[in-house]
Amino acid sequence: MNKLKRTIVFNLLYIIVAVALILGAWGVISAAVNSQFVAPSLGATFAAFGDVFKNENFWYGLIGTLTRSVVGFAASVALFFVTFFLATAFDGFKRVIEPIIGAARSLPAVAVTLILMLAVGGNITPVVLGVLVIYPIMYSSAVARTATLPQELKEICLLCGGGRFTIFKSVYLPCLAGGLPESLATTFSYNIKAVIGAEILAQTANSLGMLMKLSQVYLQPAMLVAFVIIAVVISVVLEAIIRVALRVALRRFVD
């Protein structure tokens with residue numbers, strides 16, 4: 001068995017063990033509580049999956065949530081690259097943007113969601129909140145990763161006739177490349193959580209958040225847990241896909 005196959009086998013074993021531990025803990029808690037409204041049993045939750053996938057509203061909700069997550073993520077990535085380039089190119093812009101980033105990191109998500117509901121409505125609120133949550137994380141991670149860049153590299157670029165964009169492309173981007181797959185994949189998961197949380201508060205139509213809210217209102221805890229599990233699985237799968245895709249795309253910069 002070569003190294004790649006051995007790594008895949010061991011990773012699968014770790015995942016199986018982790019899932020088994022979670023299911024075992026869940027079973028113990030459910031038996032100890034002995035209440036389907038507080039901690040639904042494994043059997044009741046798995047039975048709820050059948051109802052979930054048969055429900056036409058689930059697929060509309062899934063598509064709606066994923067669309068908002070992707071739109072917010074794409075906007076955050078674009079905003080990050082533009083502002084980070086400007087911060088590396090112009091010291092004045094950097095001094096202005098960093099307090100704004102610090103303030104954005106400290107915003108209370110629930111309060112901001114309520115304000116956004118009044119300003120932009122329930123459909124756009126999850127997208128905007130997702131951007132407000134993950135954009136500061138992207139920017140702060142990039143600043144931390146490039147903080148130790150030698151000043152000499154930038155001076156060499158200047159001596160060779162390179163401008164601000166050349167310095168960004170030749171010095172900053174290669175430094176970021178090694179951490180971008182992990183950073184962007186992780187922030188996408190954060191984005192999905194923020195979007196679903198905002199959907200619940202904003203009662204956004206055609207969303208997983210709204211379906212979770214309705215499950216809670218109509219006292220369907222097994223259905224609620226099923227929706228949560230689906231959201232977690234989707235986040236983990238998409239995070240893994242983004243991580244692998246970016247590692248392949250950025251491999252030449254890392255090497």
Open item on the list: Do I192 and V233 sit in one hydrophobic cluster, given that two such residues count as connected whenever their side-chain heavy atoms are within less than 4.5 Å of each other, even indirectly?
Closed with: yes
Task: Approximate separation, where rounding is to 0.5 Å, of N123 CG and T67 OG1 - done: 11.5 Å
Open item on the list: Given 3.5 Å as the limit, does a donor-acceptor pair link the side chain of S69 with the main chain of T65, or not?
Closed with: yes
Task: F81 CZ to Y172 OH distance, which is reported to the nearest 0.5 Å - done: 14.5 Å
- [ ] Please check if V128 and V82 belong to a single hydrophobic cluster, counting links between Ile, Leu, Val, Met, Phe, Trp and Tyr side chain heavy atoms closer than 4.5 Å.
- [x] yes
Task: Inter- and intrachain pairs under salt bridge (Lys or Arg N to Asp or Glu O under 4.0 Å), touching residues 64-75, at least two apart - done: R68-E199
Task: For V131 against A75, the heavy-atom pair lying closest together - done: CG2-CB, 4.2 Å
- [ ] Write down the atom of A87, the atom of F93, and the distance for their closest heavy-atom approach.
- [x] N-CD2, 3.5 Å
Open item on the list: Quick check: closest heavy atoms across A194 and G130, and the distance to 0.1 Å?
Closed with: CB-CA, 4.2 Å
Open item on the list: I need the F188 CZ to S183 OG distance, nearest 0.5 Å.
Closed with: 14.0 Å
Task: Heavy-atom closest pair, residues F227 and S215 - done: CE1-OG, 3.3 Å
Open item on the list: Please enumerate all residues that pass side chain to side chain donor-acceptor pair (under 3.5 Å) together with T186, with sequence neighbours excluded.
Closed with: E182
Task: Which residues share a side chain to side chain donor-acceptor pair (under 3.5 Å) with S235, sequence neighbours left out - done: none
Counting only pairs under 3.5 Å, give me each side-chain donor-acceptor contact of residues 46-62, with atom names and distances, residues two or more places apart or in other chains.
residue	atom	partner	partner atom	Å
N55	OD1	N57	N	2.9
W59	NE1	F53	O	3.1

TODO: Let me see the working for V195 and V127 under side-chain contact (heavy atoms from CB on, under 4.5 Å), right down to the final yes or no.
DONE: CA-CA 6 Å; V195 166; V127 177; over 6 Å; no
Task: Atom pair CG/CD1 of N191 and I134 - distance to nearest 0.5 Å - done: 4.0 Å
Could you tabulate the donor-acceptor pairs under 3.5 Å formed by side-chain atoms of residues 200-208, not counting sequence neighbours?
residue	atom	partner	partner atom	Å
T204	OG1	G122	O	2.6
S207	OG	T204	O	2.6
S207	OG	M210	N	3.0

Task: same_hphob_cluster(V143, L180) at 4.5 Å side-chain heavy-atom cutoff - done: yes
TODO: Only counting residues at least two apart or in another chain, list the ones meeting ring pair (Phe, Tyr, Trp, His ring centres under 6.0 Å) with F80.
DONE: F84
Task: Contact summary for L184 and I242, nearest pair of heavy atoms - done: C-CG2, 4.4 Å
Open item on the list: For a 4.5 angstrom cut-off between non-hydrogen side-chain atoms, does F73 reach T187?
Closed with: yes
Open item on the list: Are the side chains of T146 and T88 in contact, using a 4.5 Å heavy-atom criterion?
Closed with: no
TODO: Could you identify which residues cluster with L21, counting Ile, Leu, Val, Met, Phe, Trp and Tyr as linked when any side-chain heavy atoms lie under 4.5 Å apart, either directly or through a chain of such contacts?
DONE: V17
Got a list of side-chain donor-acceptor pairs under 3.5 Å for residues 101-120, not counting sequence neighbours?
residue	atom	partner	partner atom	Å
R105	NH1	S140	OG	2.6
S106	OG	G102	O	3.2
T113	OG1	A109	O	2.7

Task: Considering all heavy atoms, the nearest A198-T125 contact - done: CB-CG2, 4.4 Å
- [ ] With rounding to the nearest 0.5 Å, note down the distance linking OH in Y190 to CE in M138.
- [x] 12.0 Å
Open item on the list: Any non-hydrogen side-chain atom of I97 less than 4.5 Å from a side-chain atom of L86?
Closed with: no
Open item on the list: Applying a strict under-4.5 Å side-chain criterion to I, L, V, M, F, W and Y, I'd like to know whether V133 and I234 cluster together.
Closed with: yes
TODO: Would you mind listing every salt bridge (Lys or Arg N to Asp or Glu O under 4.0 Å) that reaches into residues 126-139, with sequence neighbours excluded?
DONE: none
- [ ] Can you sort out the partners of Y135 under ring pair (Phe, Tyr, Trp, His ring centres under 6.0 Å), two or more places apart, ordered by chain and number?
- [x] none
Task: Sequence neighbours excluded - salt bridge (Lys or Arg N to Asp or Glu O under 4.0 Å) pairs with any residue from residues 215-240 - done: E239-R243
Open item on the list: Can you pull out every salt bridge (Lys or Arg N to Asp or Glu O under 4.0 Å) where at least one residue sits in residues 90-101? Sequence neighbours excluded, please.
Closed with: D91-R95
